[in-house]
Amino acid sequence: MAKPLGSEPALSEYEDACGRREEGGPAVRDLLDRIGDKWSLLVIVTLDAGRLRFSELQRHIPGISQRMLTLTLRQLQRDGLIDRTVHAEVPPRVEYELTAVGRTLIAPSMALAGWAIENYPRITAARSRFDADAARTTR
């Protein structure tokens with residue numbers, strides 16, 4: 001039986017933005033895919049200190065390979081979150097810096113990092129309980 005028109009619960013702003021409406025969902029998913037990868041937020045937060053050369057960025061981000069840094073920088077530049085400046089010198093000097101839009105990610109990134117640090121002990125404890133329960137039920 002069909003529900004009467006207007007009986008659907010109102011969508012929250014979050015639900016609307018996350019994909020229940022055609023115009024909001026794809027944008028949220030697309031951008032979260034970009035900044036939610038392993039390296040993008042680290043690059044963005046590192047560039048908060050100011051303009052850096054490729055080698056300086058690589059030194060500040062332990063574990064990132066040259067290839068991954070190159071790909072990450074290219075995608076962040078494509079998205080308009082960083083600027084790449086090539087100086088006409090020999091050898092050429094290339095520097096990266098946040099754009100105005102990129103700088104708007106610093107506060108939310110730091111808030112997310114703070115949340116992760118604050119809640120990590122509870123999350124690891126929950127994981128341990130879950131894994132122990134799962135191990136008991138599979139015996």
Side-chain angles (χ1 to χ4, degrees):
M1 174 190 208
K3 292 183 181 181
L5 192 59
S7 67
E8 292 293 320
L11 295 176
S12 72
E13 188 176 329
Y14 176 78
E15 290 171 318
D16 183 32
C18 288
R20 288 204 150 175
R21 297 228 197 264
E22 193 58 36
E23 63 275 3
V28 171
R29 287 188 302 271
D30 180 45
L31 294 177
L32 286 179
D33 281 346
R34 163 61 40 238
I35 62 169
D37 68 16
K38 185 172 181 177
W39 302 110
S40 291
L41 283 181
L42 288 171
V43 169
I44 289 166
V45 171
T46 301
L47 286 172
D48 186 37
R51 185 179 307 155
L52 293 171
R53 294 176 75 166
F54 185 94
S55 59
E56 294 169 320
L57 267 169
Q58 195 170 19
R59 272 196 303 276
H60 283 53
I61 304 172
I64 193 167
S65 68
Q66 182 175 341
R67 179 179 177 345
M68 281 312 302
L69 182 55
T70 299
L71 292 173
T72 302
L73 289 168
R74 189 172 294 141
Q75 286 299 316
L76 292 172
Q77 183 183 4
R78 179 176 180 254
D79 291 342
L81 301 175
I82 64 168
D83 278 331
R84 178 180 186 264
T85 304
V86 179
H87 298 276
E89 300 173 356
V90 179
R93 180 169 48 102
V94 180
E95 295 178 321
Y96 299 89
E97 64 184 321
L98 292 175
T99 62
V101 175
R103 281 191 291 280
T104 65
L105 274 171
I106 297 301
S109 299
M110 297 308 287
L112 183 58
W115 177 88
I117 291 165
E118 179 181 328
N119 288 288
Y120 192 68
R122 285 184 282 257
I123 291 169
T124 57
R127 288 175 180 171
S128 295
R129 285 190 306 274
F130 181 90
D131 293 346
D133 290 346
R136 277 194 296 273
T137 61
T138 59
R139 290 182 192 176

Taking distance alone, no hydrogens or angles, what donor-acceptor pairs closer than 3.5 Å link side-chain atoms of residues 80-89 to residues at least two apart or in another chain?
| from | atom 1 | to | atom 2 | distance (Å) |
| --- | --- | --- | --- | --- |
| Arg84 | NE | Tyr96 | OH | 3.4 |
| His87 | NE2 | Glu95 | OE1 | 2.8 |
| Glu89 | OE1 | Arg93 | NE | 3.2 |
| Glu89 | OE2 | Arg93 | NE | 3.3 |
| Glu89 | OE2 | Arg93 | NH2 | 2.9 |

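Between the CZ atom of Arg103 and the CD1 atom of Ile44 there is a distance of 12.0 Å, given to the nearest 0.5 Å. Between the CZ atom in Arg74 and the CG atom in Leu69 there is a gap of 10.5 Å [rounded to 0.5 Å]. Note that CZ of Arg53 is 9.5 Å distant from CZ of Arg59, once rounded to the nearest 0.5 Å. Distance check, rounded to the nearest 0.5 Å: CG of Leu32 to OG of Ser40 gives 11.5 Å. To the nearest 0.5 angstrom, Leu57 atom CG is 6.5 Å from Thr46 atom OG1. Atoms CZ and OG1, on Arg136 and Thr138 in that order, are 10.5 Å from each other to the nearest 0.5 Å.
Residues Phe54 and Val94 are not in side-chain contact: their nearest non-hydrogen atoms beyond the backbone lie 4.5 Å or more apart. Here the side chains of Leu42 and Ile64 are not in contact, with every heavy-atom distance at 4.5 Å or above.
In plain terms, the two heavy atoms of Pro121 and Thr124 that are nearest each other are O-OG1, 3.0 Å. In terms of heavy atoms, Thr137 sits closest to Ala134 at OG1-O, 3.0 Å.
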(request) Any chance you could lay out the side chain to side chain contact (heavy atoms under 4.5 Å, CB included) test for Gln75 and Leu71, step after step, and finish with the verdict? (result) CA-CA 6 Å; Gln75 286 299 316; Leu71 292 173; 5.7 Å; no

(message) side chain to side chain contact (heavy atoms under 4.5 Å, CB included) for Leu76 and Leu47? Distances and angles first, verdict last.
(response) CA-CA 12 Å; Leu76 292 172; Leu47 286 172; over 6 Å; no

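Scored by the side chain to side chain donor-acceptor pair (under 3.5 Å) test, Asp79 finds Arg34 as partners (sequence neighbours excluded). Every residue two or more places apart in sequence or in another chain that forms a side chain to side chain donor-acceptor pair (under 3.5 Å) with Asn119 is listed here: Arg122.
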